[in-house]
Structures are given as C-alpha cells and as structure tokens.
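Side-chain atoms are counted along with the backbone in the values below, which use heavy atoms only and exclude waters and symmetry mates. In this text, all values refer to a predicted model and were calculated from it rather than measured experimentally.
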Amino acid sequence: MSGSVLFQPISGLPLVEPGDDLARLLVDGLGRLGLSLQGGDILVLAQKIVSKSEGQLVNLRGIEPSDRARQIGQIVGKDPRLVEVILGQSREIVWVSPGIFVVETHHGFVCANAGVDRSNIAQPEGGGGQEQKQEGSEENEWVCLLPLDPNASAARLRDTLRERTGTHIAVLINDTHGRPFRMGGVGVALGTAGLVGLADQKGQSDLFGYRLRNTLTAVGDELASAASLLMGQAAEATPAVLVRGLLLAQPDPAHDLGATDLIRPANRDVFRYPPGSEQWRM
C-alpha cells in the first residue's frame, strides 16, 4: 500500500432509474468534481444504485403471499407480501423470531431479509397510491432486490469503464449487513472485479519474525466498510466513492472469483451450525 490514500465521495449523482447508464453517470459525476479515472483506482458503489439500474425492483401490489409467508410475517411482524419476496430470494431460512428474519440468499449471503430493502426508493408517478404517502407512513409498495449476480455486475461496469476511458480500475459493490456477534451494521463486499477481496497472509513474518499460520484478511469487506462511512445510510445521497492510492493485489483474470471468496462455507460457520447442536428449520 502507498502512504497516501484518497477516499473521494461522488456526490450529486441523480436518482438512478432502471436502464440508466451507470458508467456514464459515474464518469459525469467525477467530471463535476474535476476528476477522471486513473489506473489503479477503485470505485465502491452502493448496491442500491446497481440494483436499480438493472431493474431489480418489485411492486408488492402484485405479490400474493403464500400461507408460509403469512405465518412467518406474523412471527417477525412484516408484511407477508414482503416476506414472500424475501423467500423468493432465499435458499434457506436461518433464523425467525419477532423482528428478525435472517436467510441465506441464492448468492450465499447470510443476511437479514435477503437484502430486500424499502429505503431510498422513490415511488413511481401514480404507482404508490395516496395511502402510503400520508405523514408517518413508512410503507413503500416498491422494494429493491440485490443484483442477480453482483460479481458479474461489477465486471460489466468495470469493462464498460475500461472501454470508454481506456483506464484499468477495480469495482466493488457494497451493502450493509449485520453480524451475529456484533451490534450494528457494517459495509460488506457483495461483488468485486479487479481486486483480491480475501488476502491470505499465511507464511508472512510479523515484526518479530514469527511466520503467520492462519491469517486471512477480508480486504473487500474492509474497503466496503470504509467507503460506507462516507456513503451513509439515510439521506446522504452519496452512493459512490472513488478510492485512489490503495495498492491491492490483482486477481488472476482467468480465476477472478470476485467477492465469492469472502463467503464462509457452511461447514465452517460455527454460528449457524455449532458443533453438536441441532439446526432448526422452518
């Protein structure tokens, strides 16, 4: 790593709509700041703008909840239509209790509500109805899903930016997830392209010559979390951050697994499957 690292928020981006040219919006946003992409830059993008540009939006008005969704919705206190959408994005239920609904998504992420989110989604003209525009209502009829394949999304955007600017950069898509052993949410890498998200430091020496034996550093998550501090979670309107001067290892282009390396295999997840315990499934 170099001695000087820049984290530059790219503010002032318009609200992203399905079909928007995200690469153009980012280049234009950097231009308004007097910046352009340089080799080795990293663009960290909020999952929401990637999902919205790809049309990963669902209107709950068209969802008919199943009996299972109604049952879970009663337990967790959620709209059963929303629960039905979450179930459709999940391959396993991890935890159900009042106020908590944790699943494993089809991507392999273990997170609350399969990453399905209602925040920062503008209601289309005439699409929301007067009833959820009343003061105090927090219900939106539209919800946003995670990208179908976050690694592929990052790779496509990286390739497009390289074609248009001639610059080789890395792209990271982040989201906020909770953890079973800490309070609060942190930014995590959902998808990456052009950087090694999990650094294996086994065999390296520490300050006193001790050789590390089992040291894996979640570089992608650390980078996502740092950028999340600048993005915020509410009305900050800063869904992208330019990172410059951070020299990270480059993946083998033929074996770039993106952020998939950061997903802990189920057989090593002692929080979900403690040794000797029985797993409860619904």
Side-chain angles (χ1 to χ4, degrees), residues 5-57 106-107 109 115 117 120-122 144-175 187-197 219-221 223-224 226-228 230-231 237-262:
V5 179
L6 169 71
F7 279 75
Q8 173 63 57
I10 308 175
S11 56
L13 295 177
L15 289 176
V16 174
E17 302 291 344
D20 277 354
D21 186 340
L22 201 52
R24 179 182 61 79
L25 294 179
L26 291 166
V27 170
D28 290 349
L30 286 168
R32 287 191 293 271
L33 298 173
L35 297 170
S36 60
L37 291 173
Q38 297 179 7
D41 284 349
I42 304 168
L43 278 178
V44 182
L45 308 178
Q47 161 268 320
K48 187 69 61 67
I49 64 171
V50 176
S51 291
K52 289 169 72 175
S53 71
E54 295 178 349
Q56 285 290 91
L57 299 171
H106 294 301
H107 317 81
F109 307 133
D117 193 6
N120 287 318
I121 304 175
C144 187
L145 316 181
L146 298 182
L148 286 173
D149 185 339
N151 289 321
S153 298
R156 282 194 300 270
L157 183 58
R158 180 176 184 251
D159 291 344
T160 300
L161 289 168
R162 183 174 64 240
E163 291 170 2
R164 295 184 183 179
T165 68
T167 307
H168 291 264
I169 67 166
V171 173
L172 185 151
I173 299 170
N174 79 342
D175 195 13
V188 299
L190 296 186
T192 64
L195 62 88
V196 174
V219 175
D221 286 346
L223 182 56
S228 290
L230 300 176
M231 291 179 175
T238 306
V241 174
L242 172 71
V243 182
R244 177 167 293 167
L246 190 61
L247 305 180
L248 299 178
Q250 300 295 304
D252 179 353
H255 300 92
D256 186 356
L257 299 178
T260 303
D261 275 351
L262 290 161

Test item: S51 side-chain N/O and K48 main-chain N/O as donor-acceptor pair under 3.5 Å: no
Exercise: identify the closest heavy-atom pair between S153 and E54: OG-OE2, 2.6 Å
Under 3.5 Å: donor-acceptor pair, side chain of Q56, backbone of P147: no
Rounded distance [0.5 Å steps], CD1 in I42 versus CG in L172: 8.0 Å
Flag, side chain of S11 to backbone of T238, donor-acceptor distance under 3.5 Å: no
Main-chain N/O of L248 paired to Q250 side chain as donor or acceptor, under 3.5 Å: yes
Pairing of R162 and D159 as salt bridge, 4.0 angstrom limit: yes
Heavy-atom closest pair, residues P251 and V196: N-CG2, 3.6 Å
Step-by-step side chain to side chain donor-acceptor pair (under 3.5 Å) determination, D41 to T167: CA-CA 9 Å; D41 284 349; T167 307; over 6 Å; no
pair D117-Q47: side-chain heavy atoms closer than 4.5 Å: no
Side-chain heavy-atom pair H107, L190 within 4.5 angstrom cut-off: no
Exam field: side chain N151 to backbone T192, donor-acceptor pair closer than 3.5 Å: yes
Donor-acceptor contact present, side-chain D175 to main-chain V188, <3.5 Å: no
Distance in Å, R244 CZ paired with L43 CG, rounded so as to fall on 0.5 Å steps: 9.5 Å
Any L26 side-chain heavy atom under 4.5 Å of L157 side chain: yes
Least distance between heavy atoms, A227 atom then F7 atom: N-CE2, 4.2 Å
Heavy-atom side-chain proximity of L25 to P14 below 4.5 angstrom: yes
Residue pair L242 / L35, side-chain heavy-atom distance below 4.5 Å: yes
